[in-house]
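Right, one structure below, let's go through it.
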Amino acid sequence: MFQDTFAEELARRVGSMVEVATDDNLIEGVLSTVTDELILVINITSGYGQNTNIYISLDAISFVRFPVAAA
């Protein structure tokens, strides 16, 4: 039940900068896609190179943070 509510809240924030923590990683990027089981975070690199797509299972997420941009 909580997973459904969690996915719905994340879906409302698609396009936002996000920090997602799992047991052993901290992923930062843009929240791109949310499904019932997965999220897609695009890790934006500065400069040259390709962006990295990171798929994360909702079950693996320890916490999510939406950082506030500095004014």
Side-chain angles (χ1 to χ4, degrees):
M1 182 163 125
F2 174 73
Q3 187 167 332
D4 295 336
T5 306
F6 186 44
E8 289 171 11
E9 181 60 32
L10 289 174
R12 286 188 202 101
R13 296 176 179 249
V14 166
S16 300
M17 289 298 295
V18 67
E19 295 175 355
V20 179
T22 63
D23 286 344
D24 56 357
N25 286 315
L26 179 65
I27 299 106
E28 299 177 79
V30 176
L31 181 60
S32 175
T33 306
V34 178
T35 69
D36 291 338
E37 297 182 14
L38 296 171
I39 66 170
L40 169 59
V41 175
I42 301 175
N43 185 324
I44 309 291
T45 59
S46 58
Y48 298 102
Q50 295 183 355
N51 298 331
T52 305
N53 293 345
I54 304 169
Y55 294 89
I56 307 165
S57 170
L58 289 178
D59 292 338
I61 296 173
S62 297
F63 72 85
V64 175
R65 180 172 169 259
F66 296 93
V68 178

Pairs meeting criterion salt bridge (Lys or Arg N to Asp or Glu O under 4.0 Å) with involvement of residues 17-43, two or more places apart
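For residues 17-43, and leaving out neighbouring residues, the salt bridge (Lys or Arg N to Asp or Glu O under 4.0 Å) pairs sorted by first residue read E19-R65.
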
Pairs touching residues 6-15 that satisfy salt bridge (Lys or Arg N to Asp or Glu O under 4.0 Å), sequence neighbours left out:
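Applying salt bridge (Lys or Arg N to Asp or Glu O under 4.0 Å) to every pair that reaches into residues 6-15, excluding sequence neighbours, yields E9-R12, E9-R13.
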
So which heavy atom on I44 is nearest to which on N51, and how close?
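Closest approach of I44 to N51, heavy atoms only: CA-OD1, 3.6 Å.
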
Do [X] and [Y] have side-chain heavy atoms sitting under 4.5 Å apart?
X   : Y   : value
L10 : F66 : yes
V14 : T33 : no
N25 : I56 : no

Enter the distance from N43:CG to I27:CD1 here, rounded to the nearest 0.5 Å.
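Interatomic distance, N43 CG to I27 CD1, rounded to 0.5 Å: 9.0 Å.
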
Would you compute the distance between atom CG of L38 and atom CG of L58 and round it to the nearest 0.5 angstrom?
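Here the rounded value is 7.0 Å.
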
Count I, L, V, M, F, W, Y as connected when their side-chain heavy atoms are under 4.5 Å apart, and connections chain through other members. Are [X] and [Y] then in the same cluster?
X   : Y   : result
V30 : V41 : no
I54 : F6  : yes
V20 : L40 : no

Could you go through the side chain to side chain contact (heavy atoms under 4.5 Å, CB included) check for I39 and V64 one step at a time?
CA-CA 11 Å; I39 66 170; V64 175; 5.6 Å; no

